[in-house]
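Notes for the one structure printed next.
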Amino acid sequence: MIDTDKKLLCIDLYCGLGGWAFGFLAESYDVIGFDIVIYPYPGHLVLQDVISLHGRQFMDATVIVASP
């Protein structure tokens, strides 16, 4: 069950131009995208290789998408 008092968070791995992000932003999610290239991303972009990430970083995420 989702806690409705908490802001919804989407983690977007291999985010690219933000195809997933647009839909989640439209639904009032906070979106954090991870990629190794700077693109005009609509959410918050983090330049970091996903290989270096650890799952514990995303304990508060409502959803995680990955579409390489």
Side-chain angles (χ1 to χ4, degrees):
M1 181 186 286
I2 296 174
D3 181 359
T4 56
D5 294 333
K6 213 166 102 172
K7 184 70 175 175
L8 301 173
L9 174 62
C10 172
I11 301 299
D12 187 4
L13 305 177
Y14 314 100
C15 64
L17 293 170
W20 281 101
F22 285 108
F24 283 102
L25 288 167
E27 293 298 321
S28 300
Y29 280 70
D30 284 333
V31 181
I32 302 172
F34 290 83
D35 211 318
I36 58 172
V37 178
I38 296 175
Y39 294 108
Y41 187 71
H44 177 76
L45 176 64
V46 176
L47 290 176
Q48 185 174 350
D49 193 332
V50 298
I51 292 172
S52 68
L53 300 175
H54 193 282
R56 277 185 264 160
Q57 293 175 259
F58 309 122
M59 290 177 47
D60 293 332
T62 307
V63 63
I64 300 172
V65 295
S67 115

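A continuous path of ILVMFWY side-chain contacts below 4.5 Å connects L8 to L25, so both sit in one hydrophobic cluster. Note on V50 and I32: same hydrophobic cluster, where clusters join Ile, Leu, Val, Met, Phe, Trp and Tyr whose side-chain heavy atoms are under 4.5 Å apart, directly or indirectly.
Residues meeting the side chain to side chain contact (heavy atoms under 4.5 Å, CB included) test with L47, sequence neighbours left out: I38, L45. The side-chain hydrogen bond (donor to acceptor under 3.5 Å, both in side chains) search around S28 returns none, not counting sequence neighbours. Here Q57 pairs with nothing under the side-chain hydrogen bond (donor to acceptor under 3.5 Å, both in side chains) rule; sequence neighbours left out.
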* To do: Using the side chain to side chain contact (heavy atoms under 4.5 Å, CB included) rule, take D30 and F24 through it: C-alpha gap first, then chi angles, then the decisive distance, then the call.
  => CA-CA 8 Å; D30 284 333; F24 283 102; over 6 Å; no

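Between L53 and Q48 the shortest side-chain heavy-atom distance falls below 4.5 Å.
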Side-chain donor-acceptor pairs under 3.5 Å in residues 9-20, sequence neighbours left out?
from	atom 1	to	atom 2	distance (Å)
D12	OD2	Y41	OH	2.9
W20	NE1	S67	OG	3.4

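Of all the heavy atoms in I64 and A61, the pair that sits closest is CG1-CB, 4.1 Å.
Residue pairs meeting the ring pair (Phe, Tyr, Trp, His ring centres under 6.0 Å) criterion with at least one partner in residues 44-68, sequence neighbours excluded, are F34-F58.
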